[in-house]
Amino acid sequence: MLGFLSLCLPIFAVIGLGWVAVRRGMIAPGVTDAVGIFAFNFALPAMLLRLMAAQKLSESFEPRFFAGYLAACLLVFFGTLAGAMLLAGRRRGQASALGAGAAMGNVGYLGPPLLLPLLGERGAGPVAMAIMSEVAIVIALGSVLMAPIGERGVLARVLRSLLLNPVLLAIAGGATLGALQVPIPGPAERFLAFLGNAAGPTALFALGGTLGKLSLDRRLALAAGAATLGKLVVYPALAWAFLGPVLGLEWFWVQAGVMLAAMPTATNAFVLAQRFHTGAEEVSAVVLLSTVIASVGFPVTAWLLAGPVPGP
């Protein structure tokens, strides 16, 4: 257990460093936005493109994993949405925002630094499929359901932004190179590796800075409790059920799916709620609360699932 804590806590410590830097006024809040843009638009795509291209498509893409993980994701999204509407009396937009908060994990920023040390470079495939599930599909669904009734062009705008999403483009490009077994030339591979190595620290620092702008009080914590429970408990349990007992996948895929599902809520869910002016306060509380809990909960999940911690 101590081995998993020693592996995971330094990663969450970088998030804490970004949080402290913003809260103490050591850097302007806009700096973390710029760092986050660099991480998402440049460093993370470079890392995923290189890792995906280095593997055969049959090794990095498992259709049953994608189907099982997506099924768990959608169950959590629609289950949270229905619960918020039927039990808490939320309007459709607010309920959809909470559903996105429960179904969208920080798999892009936290997936690579947490999964790759535990599962090796093969873990890039599950990370890529989780990003496709939670970023592409949940963002599209959430946008349509959060938008005011009668607003036109929402789906078209979302699809356009997804088609130009640098992370999704990198996944598609890497998968294509892997399928064709086309190696990346040496200088280009070294460039991508150098740039991609910046993805972890920059993304985590930017995440901490974003969290530093959010606040959490007792009222918001209570409102966010159910969605946080869905994200950190129900989602991993469903991922285990679908990928293990139902689909009977190799243990590697079960481990990867459960650990990805156990990651805290992505700040993208808050940005989405903010964009449509619905449920932003509650979703910000889910982001903050789930990240604090996951700093201990994720190492425990990894310890329950994995074997010995890989050496340096």
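All heavy atoms count here, side chains included; hydrogens, waters and symmetry mates do not.
Using a 4.5 Å cut-off between side-chain heavy atoms of Ile, Leu, Val, Met, Phe, Trp and Tyr, with links allowed through other members, Val14 and Val292 fall into different hydrophobic clusters. Two different hydrophobic clusters hold Leu49 and Ile37 under the rule that ILVMFWY side chains link at heavy-atom gaps under 4.5 Å. No continuous path of hydrophobic side-chain contacts links Phe40 to Phe38 [ILVMFWY only; heavy atoms under 4.5 Å]. Side-chain heavy atoms closer than 4.5 Å link hydrophobic residues (I, L, V, M, F, W, Y) into clusters, and following such links, possibly through other members, connects Val234 to Ile293. Note on Val233: it does not cluster hydrophobically with Met263, by side-chain heavy-atom contacts below 4.5 Å among ILVMFWY residues.
When the salt bridge (Lys or Arg N to Asp or Glu O under 4.0 Å) test is applied to Arg91, no partner is found at least two apart in sequence or on another chain. In this structure Trp253 satisfies the ring pair (Phe, Tyr, Trp, His ring centres under 6.0 Å) test together with Phe65, sequence neighbours excluded. By the side chain to side chain donor-acceptor pair (under 3.5 Å) test, Gln274 is found to be paired with no residue, residues two or more places apart in sequence or in another chain being considered. Applying the side chain to side chain donor-acceptor pair (under 3.5 Å) rule to Arg157 yields the partners Glu151; only residues at least two apart in sequence or on another chain are considered. Qualifying side chain to side chain donor-acceptor pair (under 3.5 Å) partners for Glu134, counting only residues two or more places apart in sequence or in other chains: Tyr69, Tyr235. Not a single side chain to side chain donor-acceptor pair (under 3.5 Å) links Gln55 to another residue, sequence neighbours left out. Looking at residues two or more places apart in sequence or on another chain, you find a side-chain contact (heavy atoms from CB on, under 4.5 Å) between Ile137 and Phe66, Leu70, Leu74, Leu141. Applying the salt bridge (Lys or Arg N to Asp or Glu O under 4.0 Å) rule to Glu121 yields no partners; only residues at least two apart in sequence or on another chain are considered.
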Under the side chain to side chain contact (heavy atoms under 4.5 Å, CB included) rule, what do Leu51 and Leu116 come out as? Steps first, then yes or no, please. CA-CA 10 Å; Leu51 292 178; Leu116 298 184; 3.6 Å; yes
Could you walk me through whether Leu119 and Met259 pass the side chain to side chain contact (heavy atoms under 4.5 Å, CB included) check? CA-CA 11 Å; Leu119 301 179; Met259 285 193 280; 4.1 Å; yes
After noting the C-alpha distance and the side-chain angles of Phe242 and Leu75, does the key distance pass the side chain to side chain contact (heavy atoms under 4.5 Å, CB included) rule? CA-CA 11 Å; Phe242 280 119; Leu75 268 178; 3.6 Å; yes
Hey, mind stepping through Leu260 and Leu115 against side chain to side chain contact (heavy atoms under 4.5 Å, CB included) and telling me if it holds? CA-CA 8 Å; Leu260 285 164; Leu115 248 69; 3.7 Å; yes
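Considering every non-hydrogen atom in both Ala262 and Ala294, the closest pair reads O-CB, 4.4 Å. Pro112 and Gly108 get closest at one heavy-atom pair: CD-O, 3.2 Å. Scanning both residues, Pro45 and Ala39, for their nearest heavy atoms gives CD-O, 3.8 Å. In plain terms, the two heavy atoms of Val287 and Ala266 that are nearest each other are CG2-O, 3.7 Å. For the residue pair Leu238 and Ala72, the shortest heavy atom distance occurs at CB-CB, 3.8 Å. Minimum interatomic distance between Ala147 and Val154 (heavy atoms only, all atoms of both residues): CB-CG2, 3.7 Å.
Here Leu9 contributes atom CG and Ile15 contributes atom CD1; the two are 10.5 Å apart, rounded to the nearest 0.5 Å. Atom-to-atom distance recorded for Met104:CE and Thr267:OG1 is 8.5 Å, nearest 0.5 angstrom. Note that CG of Leu48 is 11.0 Å distant from OG of Ser60, once rounded to the nearest 0.5 Å. Residue Ser96 holds its OG atom at 9.5 Å from CG of Leu272, rounded to the nearest 0.5 Å. The line from OG1 of Thr202 to CZ of Phe42 is 11.5 Å long, rounded to the nearest 0.5 Å. The structure places CG of Leu98 at 8.0 Å from OG1 of Thr80, a figure rounded to the nearest 0.5 Å.
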Ignoring hydrogens and angles, write down the donor-acceptor pairs under 3.5 Å from the side chains of residues 158-166, residues two or more places apart or on other chains.
unit_1 : atom_1 : unit_2 : atom_2 : d
Ser161 : OG     : Val158 : O      : 2.7
Asn165 : OD1    : Val167 : N      : 2.9
Asn165 : OD1    : Leu168 : N      : 3.2

Which side-chain N or O atoms in residues 175-198 pair as donor and acceptor under 3.5 Å with protein atoms at least two apart or in another chain?
unit_1 : atom_1 : unit_2 : atom_2 : d
Thr176 : OG1    : Ala172 : O      : 2.8
Gln181 : NE2    : Gly178 : O      : 2.9
Glu189 : OE2    : Arg50  : NH1    : 3.1
Asn197 : ND2    : Ala193 : O      : 3.1

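Between the side chain of Thr265 and the backbone N or O of Ser290 there is no donor-acceptor pair closer than 3.5 Å. Side-chain atoms of Gln255 come within 3.5 Å of backbone atoms of Leu305 as a donor-acceptor pair (strictly under, hydrogens ignored). Side-chain atoms of Arg92 come within 3.5 Å of backbone N or O of Leu145 as a donor-acceptor pair. Checking side-chain atoms of Arg64 against main-chain N and O of Leu247 turns up a donor-acceptor pair under 3.5 Å. Of the possible polar contacts, none joining the Thr278 side chain to the Met146 backbone as a donor-acceptor pair under 3.5 Å is found. No donor-acceptor pair closer than 3.5 Å links the side chain of Thr291 to the backbone N or O of Pro264.
Remark: Lys56 does not engage Glu62 in a salt bridge, criterion side-chain N to carboxylate O under 4.0 Å.
Annotation: side chain of Phe205 is in contact with side chain of Ile27 (closest heavy-atom distance under 4.5 Å). Looking at Phe298 and Ile11, their side chains never come closer than 4.5 Å, going by heavy atoms from C-beta outward. Using a 4.5 Å heavy-atom threshold, the side chains of Leu207 and Asn106 count as touching. With a 4.5 Å cut-off on side-chain heavy atoms, Val22 and Val31 do not count as touching. Contact annotation: the side chain of Leu204 approaches that of Leu110 to within less than 4.5 Å [non-hydrogen atoms, C-beta and beyond].
Residue Leu87 belongs to no hydrophobic cluster, having no ILVMFWY side-chain heavy atom closer than 4.5 Å to its own.
Residue pairs meeting the side chain to side chain donor-acceptor pair (under 3.5 Å) criterion with at least one partner in residues 12-33, sequence neighbours excluded, are Asp33-Lys213.
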